[in-house]
S.K.: 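My structure is below; once you've seen it, I'll send some questions.
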Protein chains: 2
Amino acid sequence: MLTIGTLAKKTGTKVQTIRYYEQIGLMPEPGRTEGGQRRYGDAELDRLSFVRHARQLGFSLDAIRELLDLSDHPGKSCAEADAIARRQLKQVEQRLARLEALRTELKRMVHECSGGQTSDCRVLEVLRDHSECLTDHEEIGA
Amino acid sequence: MLTIGTLAKKTGTKVQTIRYYEQIGLMPEPGRTEGGQRRYGDAELDRLSFVRHARQLGFSLDAIRELLDLSDHPGKSCAEADAIARRQLKQVEQRLARLEALRTELKRMVHECSGGQTSDCRVLEVLRDHSECLTDHEEIGA
DNA sequence: TTACATCCTCTAGCTACTGTAGGTTCAAGC
DNA sequence: GCTTGAACCTACAGTAGCTAGAGGATGTAA
């Protein structure tokens with residue numbers, strides 16, 4: 001039986017985060033000691049590991065919820081899980097493309113900084129000037 | 001004189017976002033009509049363009065605040081602006097590295113999906129198994 | 001004058017946590 | 001059995017950066 005702190009350490013999660021996952025229904029309500037402290041078993045360890053791994057891969061909590069649901073029902077078609085992963089891959093590739101363009105622009109900015117006064121600072125100038133901008137009015141995904 | 005809606009369209013910003021920027025002090029309080037509606041001039045258009053461009057490049061609102069402050073004081077050293085841009089570039093490069101690793105793993109997941117039932121779905125299996133994980137307990141930036 | 005798009009303020013909600021306050025429980029050592 | 005201190009508990013507030021909605025006022029063109 002694991003305390004919440006041990007579970008946290010084993011999965012690289014903060015204690016509060018585990019309680020938060022419980023609150024939003026991503027983790028089940030665990031057993032408690034007489035004094036009211038949470039105690040976890042291996043099933044919970046596995047589940048939390050799954051969640052954390054998926055989070056590291058950039059899956060949203062909603063997507064993880066779906067994936068957990070799928071893995072809880074082994075008879076279901078694999079196609080759904082595959083679709084989620086594909087959607088995720090697509091997003092990652094979009095972000096990559098965007099970030100690569102950003103890197104180029106940032107490199108240019110940094111490269112051209114002459115070290116003088118802000119009045120002739122390229123960094124500020126580039127930000128003021130949209131003409132060389134990648135795209136209009138697009139957002140970057142953090 | 002521009003209405004807030006026109007300014008929004010010109011900069012690709014939502015009206016609410018402009019009001020939000022005003023609220024947090026990133027945009028100045030504009031003039032108003034007798035009826036109390038906001039009216040903007042070219043200075044505000046420039047400032048908002050600057051902000052949006054910087055946001056597209058992934059700068060935080062705090063960083064943008066610093067940059068705006070620098071550009072408001074043309075006598076200051078360019079070094080600070082350069083430092084902010086360099087910090088940003090570093091972050092972008094870290095995210096890139098991380099995302100590239102993610103793409104590899106996701107591609108592997110998707111590739112190996114055989115199309116059967118979830119009980120033998122590689123996507124779920126990979127998420128259950130941390131052994132091939134990139135790094136332990138690291139976070140991804142959104 | 002009337003219609004209606006756009007504006008106003010205020011409040012709440014979103015994601016995915018993280019932090020704090022104030023109090024309780026557990027386990028080890030004596 | 002008692003003390004100590006780390007780890008636990010709940011509840012609530014705060015983070016970034018917006019976004020959405022309610023309910024009402026304003027501006028402008030026909």
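The chains referred to below are lettered A, B, ... by the order of the sequence lines, with proteins before strands, and numbering in each begins at 1.
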S.K.: In whole Å, what is the span from the NZ atom of Lys10(A) to the C1' atom of dA7(D)?
M.R.: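 Between C1' of dA7(D) and NZ of Lys10(A): 17 Å.
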S.K.: Return the set of residues passing side chain to side chain contact (heavy atoms under 4.5 Å, CB included) with Asp69(A) (not counting sequence neighbours), or none when no residue passes.
M.R.: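 Side chain to side chain contact (heavy atoms under 4.5 Å, CB included) list for Asp69(A), sorted by chain: His73(A), Lys76(A).
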S.K.: Which donor-acceptor pairs under 3.5 Å do the side chains of residues 57-64 of chain A make with protein atoms, sequence neighbours left out?
M.R.:
unit_1: Ser60(A); atom_1: OG; unit_2: Asp62(A); atom_2: N; d: 3.4
unit_1: Ser60(A); atom_1: OG; unit_2: Ala63(A); atom_2: N; d: 3.1

S.K.: Rounding to a whole Å, what distance do you find between Phe59(B):CZ and dA16(D):C1'?
M.R.: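 Checked: the CZ to C1' distance equals 17 Å.
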S.K.: With sequence neighbours left out, what residues match Arg87(A) under side chain to side chain contact (heavy atoms under 4.5 Å, CB included)?
M.R.: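 Expected list: Glu66(A), Ile84(A).
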S.K.: Can you tell me how far C1' of dA6(D) sits from CD1 of Ile4(A), to the nearest Å?
M.R.: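 In whole Å, dA6(D) C1' and Ile4(A) CD1 are 15 Å from each other.
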S.K.: Using atom types as modelled, flag every donor-acceptor pair under 3.5 Å from a side chain in residues 22-36 of chain B to any protein atom, sequence neighbours excluded.
M.R.:
unit_1: Glu22(B); atom_1: OE1; unit_2: Arg38(B); atom_2: NE; d: 2.8
unit_1: Arg32(B); atom_1: NH1; unit_2: Gly36(B); atom_2: O; d: 2.9
unit_1: Thr33(B); atom_1: OG1; unit_2: Gly35(B); atom_2: N; d: 3.3
unit_1: Thr33(B); atom_1: OG1; unit_2: Gly36(B); atom_2: N; d: 3.2
unit_1: Thr33(B); atom_1: OG1; unit_2: Gln37(B); atom_2: N; d: 2.9

S.K.: Give, ordered by number, those residues of residues 17-26 of chain B having at least one heavy-atom distance below 4.0 Å to an atom of DNA chain C; if nothing qualifies, reply none.
M.R.: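 Listed by number, they are Arg19(B).
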S.K.: Mind checking salt bridge (Lys or Arg N to Asp or Glu O under 4.0 Å) for Asp42(B) and listing every partner two or more places apart, or none if nothing turns up?
M.R.: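 If we apply the salt bridge (Lys or Arg N to Asp or Glu O under 4.0 Å) test to Asp42(B), skipping adjacent residues, there are no hits.
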S.K.: The side chain of Leu61(A) is closest to which nucleotide in this list: dC18(D), dC17(C), dT18(C)?
M.R.: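 Comparing dC18(D), dC17(C), dT18(C) against the side chain of Leu61(A), the answer is dC17(C).
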S.K.: Under the salt bridge (Lys or Arg N to Asp or Glu O under 4.0 Å) rule, collect the residues that match up with Lys14(B), sequence neighbours excluded.
M.R.: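 In terms of salt bridge (Lys or Arg N to Asp or Glu O under 4.0 Å), with neighbours along the sequence ignored, Lys14(B) is linked to no residue.
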S.K.: Between protein and nucleotides 22-30 of chain D, map the contacts as a letter string: B base, S sugar-phosphate only, - none, heavy atoms under 4.0 Å, written 5' to 3'.
M.R.: ----SS---
S.K.: Between C1' on dT25(C) and CZ on Arg32(A), what's the gap in Å once rounded to a whole number?
M.R.: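 The distance from CZ of Arg32(A) to C1' of dT25(C) comes to 13 Å, rounded to the nearest Å.
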S.K.: Strictly distance-based, threshold 3.5 Å: is any side-chain N or O of Glu93(A) a donor or acceptor partner for the main-chain N or O of Lys90(A)?
M.R.: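 Side chain of Glu93(A) to backbone of Lys90(A), a donor-acceptor pair under 3.5 Å: no, none is there.
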S.K.: Are Arg38(B) and dC7(C) close enough that a side-chain N or O sits under 4.0 Å from OP1 or OP2?
M.R.: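 No, Arg38(B) has no side-chain N/O under 4.0 Å of OP1/OP2 on dC7(C).
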S.K.: Tell me the interatomic distance from Gln16(B), atom CD, to dC7(C), atom P, rounded to whole angstroms.
M.R.: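 Atom CD in Gln16(B) sits about 10 Å away from atom P in dC7(C).
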S.K.: Think Lys14(B) has a side-chain N or O under 4.0 angstrom from the OP1 or OP2 of dA20(D)?
M.R.: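 For dA20(D), OP1/OP2 do have a side-chain N/O of Lys14(B) under 4.0 Å.
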S.K.: What pairs with Glu100(B) under side chain to side chain contact (heavy atoms under 4.5 Å, CB included), at least two apart in sequence or on another chain?
M.R.: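 Glu100(B): side chain to side chain contact (heavy atoms under 4.5 Å, CB included) contacts with Leu96(A), Glu100(A), Leu96(B), Arg103(B).
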S.K.: Regarding Arg47(A) and Tyr40(A), is there a side-chain donor-to-acceptor distance under 3.5 Å anywhere?
M.R.: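 Per modelled atom types, Arg47(A) and Tyr40(A) side chains form no pair under 3.5 Å.
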